[in-house]
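A short write-up of the structure that comes next.
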There are 2 protein chains.
Amino acid sequence: MSTIYDVARVARVSPKTVSRVLNGDAPVGRETRAAVEAAIDQLGYVPSSAARTMRSNRSGLVGLVTGAISLSPDQPALSGLPDLFIVQGVQRALEAAGMTLLISDTGGRSDRVPELIRTFVQHRVEGIIHVADYHREVSLPKVPQGTRLVLANCFDAAGTPAVVPDDRHGQDQLVARMIAAGHRRIAYLTLSAEMVATGLRVQGYRDALAAAGIADDPALVVEADVPVDDPQAEMRRLAEALDHVLALPDPPTALCLGNDRMAVRAYGMLRSRGLDLPRDLSIAGYDDYRAIAESLYPTLTTAELPYAAIGTRAAERLVALIRGADGAGSAPEKVPGRLAWRASVLPRAPEHQAIS
Amino acid sequence: MSTIYDVARVARVSPKTVSRVLNGDAPVGRETRAAVEAAIDQLGYVPSSAARTMRSNRSGLVGLVTGAISLSPDQPALSGLPDLFIVQGVQRALEAAGMTLLISDTGGRSDRVPELIRTFVQHRVEGIIHVADYHREVSLPKVPQGTRLVLANCFDAAGTPAVVPDDRHGQDQLVARMIAAGHRRIAYLTLSAEMVATGLRVQGYRDALAAAGIADDPALVVEADVPVDDPQAEMRRLAEALDHVLALPDPPTALCLGNDRMAVRAYGMLRSRGLDLPRDLSIAGYDDYRAIAESLYPTLTTAELPYAAIGTRAAERLVALIRGADGAGSAPEKVPGRLAWRASVLPRAPEHQAIS
DNA sequence: CGGCGTCATGACACCGATGTCATGACACCG
DNA sequence: CGGTGTCATGACATCGGTGTCATGACGCCG
């Protein structure tokens, strides 16, 4: 690997002049510049970021920690999937800011986080992003003085800058659109009640009902998932919840599920109960897990969990902090998701019109 | 950020002695060691990897490039998903080897690869892993002298060390098991014929038939996917393929699909044609995309695409190269996937037994 | 008891970039 | 024509570790 001294020798100038050509921070004679550039090309010289880091105390690196999977309710089996979209969003924003991304994951053991952070500190990262696999509260060890920290898809009690999905708005938007399509009896089979998202989304669901002047029927909201990763138990719970709402005296015409996987299961269960989808019952998911939503028949109407945007915003905030902005707004930043309206919610004529 | 000099001052020793304590590469007196360790703790000192890199020419970094998504047939919409499992596998293996992972992705533009590699070279990575989003041939720009390169989920014509899934064996294994379950007419609705995996898997399918002494009926093998990302066209193509095989004079009792997404679609299409699954027709996918396979009803029998293992093997090979092994075996290393036998393939009594 | 090996430690140079300061050559201004 | 400012360039020190070599104190061997 050639160095700036090699380039200087070949171009017959001093290393400092090569440095000036590289950084354009001081005037360099036309011919000198050409000679230096030729030497750089000839040698295939690439400056060493290690040497720059030493001199400038700026590494151009940002660390990203993912994981802490195992301690958590629901979803763990899926983990790693959403993470990646967040990571891609982060990567894009960082690259635009000229920074490079260092990654490590805990492999499910959150006790390893301090160790991973230590590795990042060795590399003198300018900031750290912690990505959670689902919207939740976390509690991270202190990071050393100058290291900035941003949380993505999670938040903590200490008011660390955080970026999370706007679950309330997402569910509100989805349900409002279903109401606009003519549905008034809309059941909501939620994720485990332990999850942060569940509370927020139920609020969103109620917001939409309230905005349309529809009374909230508690019997229509059922926890339909378990807080552990057990496909059998998940299936059972969902089946019970389905039975429950379908057996109501005034059964729903539409069903919101806690996520797209639950929707896949619901499709299968409902069909095996002889229902014709979406004619007999409209279905909506959550997450906009495209591999699922676009492949199901009928294609699944759902609300996007804006992973990439969360990653991008988290990275942008981190870069701002690095560039000197201060922590500012202590409330987590909420990122809205798109409404993915597909074919699983059928428009329905309001009843008084149906009679006429 | 404190330095080794700060530690030396606090412990009243020379920096070199601190270095010896850190690296354990020369004897240090008991009391001196204790004093140094106390100083390190007190200051929260973490050695600078930049300084070490400069002196030793070893950065402890490995770069990973993902992407080149947009130029490719099929799957692109999903991309990023499988990548992440590979990345996680890589990360785990690297960490075990004491190396740290640097990531960047092309955001779908493979022309940006050289630029990304340049960034890695600036950071003096000791090796680079290129991850493709699906099994394919690639052609990468030359990397500088000392930088080792390993391909994951892809291979090139230059014989660069590569790790790929064993598609042929995977399909063989799956079909063999279906035959063992009593199926003899097994249709195969493949991915786009342009994909490397398709050719290999068709071979595997034929291997299994041949091993069981079943004649290969060309009418049962149909390309059922299109080489572009167009959900509409994909649906149409799959529907035609289904119609084709179901209309055969001697229709199949089981169906292999090119991937799990196609299986999701097939479930919907077949049910809307009035079939009862899996009683009327057995179905198998490919990929073992758990979010799908475990949620469908009936749960999907499929062949695992061993992404994490591919990542791990690629990283292990890279570490071996860095530690001095030579390129060796020029053929890509094939990683076998598990058979994920679930509920969508129904055992079937052989016909002569059914009669008795 | 002199010589040699080991232990424990420190002084110093070096890795590759860049900030600071110095130097020489012009050009322009009054 | 001397002073001052800009351009173009180089010498040198510095960032934080670590390899090399030197030094002094013992302990052991013959």
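In the text below, chain A, chain B and the rest are named by the order of the sequence lines, each starting its count at 1.
Between the CZ atom of A:Arg9 and the C1' atom of D:dG10 there is a distance of 16 Å, given to the nearest Å. Between the CZ atom of B:Arg52 and the P atom of D:dG17 there is a distance of 8 Å, rounded to whole Å. Computed from coordinates, the A:Leu43 CG to C:dG16 P distance equals 13 Å when rounded to whole Å. Between the CZ atom of B:Arg58 and the C1' atom of D:dT18 there is a distance of 13 Å, rounded to whole Å. As rounded to whole Å, 12 Å separates atom P of D:dA13 from atom CZ of A:Arg55. Taking atom CD1 of residue A:Ile4 and atom P of nucleotide D:dT9, one finds them 15 Å apart after rounding to whole Å. In this structure, the CG atom of A:Asp6 is 13 Å from the C1' atom of C:dA17, given to the nearest Å. Nucleotide C:dG16 holds its C1' atom 15 Å from the NE2 atom of B:His123, rounded to whole Å.
For D:dG17, one of the phosphate oxygens OP1 or OP2 lies less than 4.0 angstrom from a side-chain nitrogen or oxygen of A:Arg124. For C:dG16, neither phosphate oxygen OP1 nor OP2 lies less than 4.0 angstrom from any side-chain nitrogen or oxygen of A:Ser48. Between B:Tyr5 and D:dT14 there is no side-chain polar atom (N or O) within less than 4.0 angstrom of OP1 or OP2.
Each of D:dA8, D:dT9, C:dC15 was ranked by its minimum atom distance to the side chain of B:Met54; first place goes to C:dC15. Side chain of B:Ala51, nearest nucleotide from D:dT18, D:dG17, D:dA11: D:dG17. Comparing D:dT18, C:dA17, D:dG16 by their closest approach to the side chain of B:Thr3 singles out D:dG16. When each of C:dG19, C:dA17, C:dA8 is scored by its nearest atom to the side-chain atoms of A:Asp25, the top-ranked nucleotide is C:dG19. Side-chain proximity of B:Thr17 to the nucleotides C:dG10, C:dG19, C:dA8 is greatest for C:dG10.
Considering all non-hydrogen atoms of both residues, B:Leu151 and B:Cys154 come closest at CB-O, 3.5 Å.
If you check distances only, the side chain of A:Lys16 does reach the base of C:dG19 with a donor-acceptor pair under 3.5 Å. At a cut-off of 3.5 angstrom, counting only N and O atoms as typed in the model, there is no donor on one side facing an acceptor on the other between the side-chain of B:Arg20 and the base of D:dG19.
Note on A:Thr53: nothing from the nucleic acid sits closer than 4.0 angstrom, heavy atoms only. If you check every strand for non-hydrogen atoms under 4.0 Å, B:Val13 touches sugar and phosphate atoms only. Using a 4.0 Å heavy-atom distance criterion, B:Ser56 is classed as making no nucleic acid contact. Across all strands shown, A:Asn57 has no heavy atoms under 4.0 Å from either base or sugar-phosphate atoms.
For the atom pair CZ (B:Phe155) and CD (B:Glu333), the distance works out to 15.0 Å, reported to the nearest 0.5 Å. Taking CG of A:Asn153 as the start and CD1 of A:Ile129 as the end, the distance is 12.5 Å to the nearest 0.5 Å. The distance from the CE atom of B:Met99 to the CG atom of B:Leu318 is 7.5 Å, given to the nearest 0.5 Å.
Looking at B:Val90 and B:Thr312, their side chains never come closer than 4.5 Å, going by heavy atoms from C-beta outward.
Salt bridge absent: B:Glu115 and B:Arg118 never bring a charged side-chain N and a carboxylate O closer than 4.0 Å. Using a cut-off of 4.0 Å between Lys/Arg side-chain N and Asp/Glu carboxylate O, A:Arg58 and A:Glu126 are scored as salt-bridged.
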For DNA chain C, the expected dot-bracket line (Watson-Crick or G-U under 3.5 Å, [ ] crossing, | inter-strand) is ||||||||||||||||||||||||||||||
Begin from the C-alpha positions of A:Tyr45 and A:Asp6 and carry the test side chain to side chain contact (heavy atoms under 4.5 Å, CB included) through to its verdict.
-> CA-CA 9 Å; A:Tyr45 166 73; A:Asp6 301 326; over 6 Å; no
